[in-house]
Amino acid sequence: MKSASSALVLSAMAVIAVTPAFAQDEAPATADDSVRREATIVVTATKTGAQALEDVPFAIQAFSGESLTNRNIREGADLIELIPGASQVQQIGAGYRIFAFRGTGAGGPVGDGMVGYYLDDTPFGVPNNQTAPPLQYFDIERVEVLRGPQGTLYGQGSMGGAIIYRTKNPDMSEFTTEGEASLSSTADASDPNYRVSAAVSVPLIKDKLGLRLSGGYDYQAGYVDVYSDGPVGKPRLTDANDITAKNLQAVLLWQPTDDLSVRLRAWEFSTDQDFLSVFASVDPPYAANQGDVNGYDKRKARFYSNTINYDFSNFTLTNATSYQESLPGGFSTGLGLGPPLGTGVLKNGGNSDSFVNEFRLATNGDGPFHWVGGLYYQKAEGLYIFNLDFPSLSLDGTTLTKTENSSVFSEISYDLFGGKLVPLVGLRYYQDTRTSESVSNGVPANSKANLDATTWRVNLAYYPTEDWTVFFNAGTGFRRIVSQRVV
């Protein structure tokens, strides 16, 4: 008897852009836009230091925190609407969303991510799970969106692209506070929605050591009625899908000299939704055939990271470490499938953890030669649990996926003709030891694989004037899919 299938590395996806185009911030501004385009946004997506957005020679967008606030962007689903070719392809609950770039990532929730999510310098994500981080954008300094395979600098799981969230640093010179509050309403909801966020920044040692503490609480009132059976008569519950989201964050920044900085960050978030974001109808909104099940979607996680930067005379050394812990959670919903199964309950859940470290060196001088290279290591595991319970059918099982993987990567470029023409080449070699231990209705199904992949990128950038960037870019990306076999 065989359980799930396929263990392979996907490395054949390439994106080639031959476009005389600008790198862009958001949609072009018009004279009467209420939100004005900023003159310059500085990004760090190339991992070679700060660079003006319009000088980056590949498909990239960047949004400042101020721009996100002005556009009322408060979560990932709002942001994704501003990205060409991007979409939300699945939402089980407020804490479980999957995004896709140009269709990549639309294959369902099983398997590693196809769009990479980075919180500052390290990835957010665990094996066999594609969910995006449920960030509240109050603490975001900048978001950088990279479209197309990012297999060299961002590695496994970024074959469709990557989203990099840069969080705010403390103010090192003076005590500051900030906050925001909003009140809104949703059609069909009896109660209002409200959101509050606040932050305080304290210079513990002026210009040397600073601490920023922040937090937020977001309540979205329910508007969906729930019926035990079909949508007739009086619903069992009204306005049932309330959502509560909480987050706390601390950032400690130490800059003892101009050459050294150490940044520590701790973040905890939780989302708690009654019933799911899957309805029988949206006009009017209702969920039918739920029996007596009180559905839910609960997520809670902690994320700790530190980044050390040290500038030598011609190089910058960076070491970034993170630990992610997703606490036990998941969802439950009623399923009315009609005879002979009737009405039952589906539950999914699990927990996970991930340790990541990336060490890299990059040139920082004004010379024509530019290089970045480094080593990456991850050790992670994720437990997935499911239970399907009907009067005449019961299924349950677990899958524990473990990975220990490492990579070596490098990109090299050289300025020709005074920087008018810049060729670049990049490579990444990845190897992974992956195991999967499953039990379905008491039947074990285990697998183990040792696989590797090599990805590449070539780029040719042409800067005819200060206002134009013309580029050719081609690259590859990959992700892991785990197979299982009965042993």
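The first residue in the sequence is number 1, and the count goes up from there. Values below: all heavy atoms of this structure, side chains included; hydrogens, waters and symmetry mates excluded.
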Exercise: do Arg142 and Ser64 side chains pair donor with acceptor under 3.5 Å: no
Salt bridge present between Arg71 and Glu66 (N-O < 4.0 angstrom): no
Asn473 side chain to Asn459 backbone, donor-acceptor under 3.5 Å: no
Aromatic centroids of Tyr286 and Phe279 separated by under 6.0 Å: no
side-chain hydrogen bond (donor to acceptor under 3.5 Å, both in side chains) contacts touching residues 76-89 (sequence neighbours left out): Gln88-Gln91, Gln88-Arg97
Cation-pi check, Arg428 onto Tyr376 ring (under 6.0 Å, within 45° of axis): yes
Any side-chain donor near an acceptor of the partner, Thr433 and Glu404, under 3.5 Å: no
Flag side-chain contact, heavy atom, 4.5 Å: Glu144 against Leu53: no
Test side-chain contact (heavy atoms from CB on, under 4.5 Å) applied to Asp353 and Val126, step by step: CA-CA 7 Å; Asp353 61 78; Val126 294; over 6 Å; no
Presence of salt bridge, Lys168 and Asp139, under 4.0 angstrom: no
Aromatic ring proximity, centroids under 6.0 angstrom, Tyr154 and Tyr118: yes
With sequence neighbours excluded, residues passing salt bridge (Lys or Arg N to Asp or Glu O under 4.0 Å) with Asp121: Arg166, Arg360
Aromatic plane relationship, Tyr117 with Phe99 - under 30° parallel, 30 to 60° tilted, over 60° perpendicular: perpendicular
Heavy-atom side-chain proximity of Glu325 to Leu327 below 4.5 angstrom: yes
Check against side-chain contact (heavy atoms from CB on, under 4.5 Å), Asp120 and Thr167: CA-CA 7 Å; Asp120 298 308; Thr167 54; 2.8 Å; yes
Gln378 and Ser354: side chain donor to acceptor below 3.5 Å: yes
Lys347 to Tyr296, cation-pi by 6.0 Å centre distance and 45° axis angle: no
Thr152/Phe409 under side-chain contact (heavy atoms from CB on, under 4.5 Å): CA gap, chis, key distance, verdict: CA-CA 6 Å; Thr152 52; Phe409 62 92; 5.6 Å; no
Ring geometry between Tyr217 and Tyr194 (parallel below 30°, tilted from 30 to 60°, perpendicular above 60°): parallel
Minimal non-hydrogen separation, Ala59 against Phe471, with atom names: N-CZ, 4.0 Å
